[in-house]
**Student:** 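I have a structure here, written as structure tokens, and I will follow up with some questions on it.
Per chain, numbering begins at 1; letters A, B, ... match sequence-line order. All values derive from a computational prediction rather than experimental measurement.
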Protein chains: 2
Amino acid sequence: MTESKGLTINDVARKCGLSRSTVSRVINNHPYVAKEKKEAVLKAMEELGYKPNSVAQQLRSNKTHAIAVLVPRITNPFYSRLIEKMETEASLLGYQIIICQTRYSKEREVDYLDMLRSRKVDGVILTSIQNDWKDIETYLQYGPIVMCNEFDDQATIPSIRVNQMDGSYLGTKHLIEQGHKKIAYCKGGTKSNIGKKRREGFNKALKEYNLSSVNDVVLTNAFSIEDGKRIFHELPEDITAVFTGGDEVAVGIIFEARENRVKIPEQLAVIGFDNQVISELINPSITTINQPIEEVASKTMEVMIQKLESDKPSNIKEIYEFPVKLIVRQSTVLE
Amino acid sequence: MTESKGLTINDVARKCGLSRSTVSRVINNHPYVAKEKKEAVLKAMEELGYKPNSVAQQLRSNKTHAIAVLVPRITNPFYSRLIEKMETEASLLGYQIIICQTRYSKEREVDYLDMLRSRKVDGVILTSIQNDWKDIETYLQYGPIVMCNEFDDQATIPSIRVNQMDGSYLGTKHLIEQGHKKIAYCKGGTKSNIGKKRREGFNKALKEYNLSSVNDVVLTNAFSIEDGKRIFHELPEDITAVFTGGDEVAVGIIFEARENRVKIPEQLAVIGFDNQVISELINPSITTINQPIEEVASKTMEVMIQKLESDKPSNIKEIYEFPVKLIVRQSTVLE
DNA sequence: ACATAGACTGTAATCGATTTCAATAGTTTA
DNA sequence: TAAACTATTGAAATCGATTACAGTCTATGT
């Protein structure tokens, strides 16, 4: 077997009797290389099976062509869809993405941001925030940071997201139009801005129908299917509908309702968020809010790479907001 | 704002009036650095906010501490669970993982393997194979390759996987014990070795009960929920059970059965594979085969990093096979 | 008192590329 | 015919670290 460990540009230069500058010029397609020499170099590279050491190239160019993507957990379908599309786009444009799971930890978020400081990556995409903006801001001097999905009003960086307020507004309005007057509201628990906007939309719909005063049932820590199961049991008797804030929670509630012979939507209407695959498959299928995840992911990557390739300042606030759509299914409407 | 772009070890050396070797020694915790100088260096680093450029370190050490993980698609829950655990383990041991989606393309697989040649990563983990082993083998000279889940009998590298044959054997046996005699078999379509082993297990069970002759219904291209919906309509009349090879396919079949008022399991028993979250939530819940995904992922990362840190040869065949478990649910048993 | 080991520290080479600069040869223009 | 280009090449500096080597100084042993 050929022992081709650690072939360098010097080996190529030696093989074809030229200097390494010339070899480098051929690699980088520079003008002013005689045709015959160029061919000699290409032949030598071919024969040796040489490929440039990209770490050395990274050092010279001060570019890694790697982007860190921070997500809470990749098994959450919302985030894995974001990442799938981001990776596809990045790969097309010659970039790699490095997966970073914060698992909701401030420390891990900072550790991953430090990759910007140590130049392991050229940029960072945040899909959630654990630390205060002022702490994250200090990393801006090392490279661009772009926010996707999550955002912060004070942040002076690009933010690509959907209109969360509209989502919860449309969902809540739909519930009210189905005749519901007492609607429980589920929220996460982190000090997320998404949550804030969603709450605004919820309140806006209630206000429009003069229902604000009678609605004050808020369930917290609503993230997972398990949380949904728990929440089902925490619902007061007089509640007829639940805004869950996530399809997982909705699934949990529906599952537990089935176990307890509570009819959905007759006895309890449930609305999800995200339009995840499962929302269409479960019985009853779940009314939910669709977010154009792939578009958001594409745009995010586009903005990031544009920032990387034009050396413009990275602390400019740009907002790209995508529209959401209400998807009506069985969990909120009688047949 | 502090303009701390591009601080190098030289800046630190200058700041504390020492040579960069001494600074480097402090960074790397070498012995033989006078206590006072060490403190001076630490103070200078602290004050400047210096962090070593890891690309330079990578060049010197010829190690990137990055591992490429090739998966078909990250949105497939099986792969996202693998990746979640791998990333967690890698991160704990100081490694980053780079996500590579082959989307079942030979070319993309080769492109990603080339990251080993250009030293962008220290090692590659394959969770599926698109190319022939002899083509992949040539990359072994550039760094370790470890196979996880998928495998190849000729491959002389570590392989971490579950006992696929046992999985289909247990599942099929279970169906037979429920009284089924004509069982349809779904398979992917790629020349996967997993598929081969599964088929062996299926046949083994049939043979044990002398049912081999009456069973020859094979449905191909069974991967997704959509495939499951299609396959439901392709099933011959006399079939009473389906071995789907994947929970997605099972979900599709169940969904379509519901639409067509076919009772499961009374008129058709369905068995999945993977024990995905959805298999427990759908109605009827799906009997399936559980694979210890997290254990497989952990072991894979452990083996990879061990290979990276001990400079032992990478072309040694080691097999770690984990057991599977039958999970009986509603889709195969009458109440 | 002198050899020797131990504790430090700095100089310079090195990792593998890219790029500036200078040198040379061959053309073209004034 | 000299000046001014253009095309081509290589030597050497550079990116930002680590480390082999050599040198200095101090302490210990005989």
**Student:** Let me know, please, whether B/A56 or B/H30 comes out on the 5' side of the other along DNA chain D by nearest nucleotide.
**Tutor:**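 On the 5' side of the pair lies B/A56.
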**Student:** How far apart are the C-alpha atoms of A/Y139 and A/E137, what are their side-chain angles, what is the distance that settles it, and do they pass the side chain to side chain donor-acceptor pair (under 3.5 Å) test?
**Tutor:** CA-CA 5 Å; A/Y139 286 90; A/E137 193 173 27; over 6 Å; no
**Student:** Answer with yes or no whether A/R60 presents, from its side chain, a donor or acceptor under 3.5 Å of a partner atom in the base of D/dT14.
**Tutor:**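 Indeed, a donor on one side and an acceptor on the other fall under 3.5 Å apart.
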**Student:** Between C/dG6 atom P and B/Y32 atom OH, what is the distance in whole Å?
**Tutor:**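 It is 7 Å, rounded to the nearest whole Å.
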**Student:** Provide, to the nearest angstrom, the distance between the CG atom belonging to B/L18 and the C1' atom belonging to C/dG10.
**Tutor:**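 In whole Å, C/dG10 C1' lies 10 Å from B/L18 CG.
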**Student:** Give the rounded distance in Å between these two atoms: CZ of A/R20 and P of C/dT20.
**Tutor:**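 That distance rounds to 16 Å.
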**Student:** Check the distance between D/dA17's C1' and A/R119's CZ and give it to me in whole angstrom.
**Tutor:**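 Computing the A/R119:CZ to D/dA17:C1' distance gives 13 Å.
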**Student:** Checking all strands, does A/V33 fall into the base, sugar-phosphate, or nothing category for heavy-atom contacts under 4.0 angstrom?
**Tutor:**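 Counting heavy atoms under 4.0 Å across all strands, the contact made by A/V33 is with sugar-phosphate only.
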**Student:** What's the CG-C1' distance between B/L59 and D/dT14, to the nearest Å?
**Tutor:**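 So the two atoms are 12 Å apart, to the nearest Å.
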**Student:** Which is true for B/S24 with a 4.0 Å heavy-atom rule: it touches a base, it touches only sugar-phosphate, or it touches nothing?
**Tutor:**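 Base contact.
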**Student:** Under 4.0 Å: is that the gap between some side-chain N or O of A/T8 and OP1 or OP2 of C/dG16?
**Tutor:**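 Negative; the distance criterion is not met.
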**Student:** In whole angstrom, give the distance that lies between atom CD1 of A/I27 and atom C1' of C/dT19.
**Tutor:**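 Spelled out: CD1 on A/I27 to C1' on C/dT19 is 13 Å.
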**Student:** Select base, sugar-phosphate, or nothing to describe what A/T22 touches, counting heavy atoms under 4.0 Å on all strands.
**Tutor:**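 Answer is sugar-phosphate: A/T22 comes under 4.0 Å of backbone atoms only.
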**Student:** Check the distance between D/dC15's P and B/Q57's CD and give it to me in whole angstrom.
**Tutor:**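 Checked: the CD to P distance equals 17 Å.
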**Student:** If you compare every side-chain N and O of B/K37 against the phosphate oxygens of C/dT9 (OP1, OP2), does one of them come in below 4.0 Å?
**Tutor:**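 For C/dT9, OP1 or OP2 has a side-chain N or O of B/K37 closer than 4.0 Å.
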**Student:** Do A/R25 and D/dG10 have a side chain to base donor-acceptor pair shorter than 3.5 Å?
**Tutor:**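 Between D/dG10 and A/R25, which were checked side chain against base, a qualifying N/O pair under 3.5 Å is present.
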**Student:** So which heavy atom on A/P158 is nearest to which on A/V303, and how close?
**Tutor:**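 For A/P158 and A/V303, the tightest heavy-atom pair comes out as CB-CG1, 3.8 Å.
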**Student:** With heavy atoms under 4.0 Å as the rule, sort B/N10 into base, sugar-phosphate or nothing.
**Tutor:**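 Since no nucleic acid heavy atom lies under 4.0 Å of B/N10, the category is nothing.
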**Student:** Name the residue from A/I293, A/V69, A/V71, A/L70 that meets the side chain to side chain contact (heavy atoms under 4.5 Å, CB included) definition with A/Y79.
**Tutor:**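 Of all the options given, the one that passes is A/V71.
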**Student:** Do the side-chain N and O atoms of A/E84 and B/T75 include a donor-acceptor pair separated by under 3.5 angstrom?
**Tutor:**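 Judged by distance alone, the side chains do pair up.
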**Student:** Have a look at B/S21 and say if it touches a base, only the backbone sugar-phosphate, or nothing, with a 4.0 Å heavy-atom cut-off.
**Tutor:**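 It contacts base atoms.
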**Student:** Whole Å only: how far is the CG atom of A/N53 from the P atom of C/dT14?
**Tutor:**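 Whole-Å distance recorded here is 17 Å.
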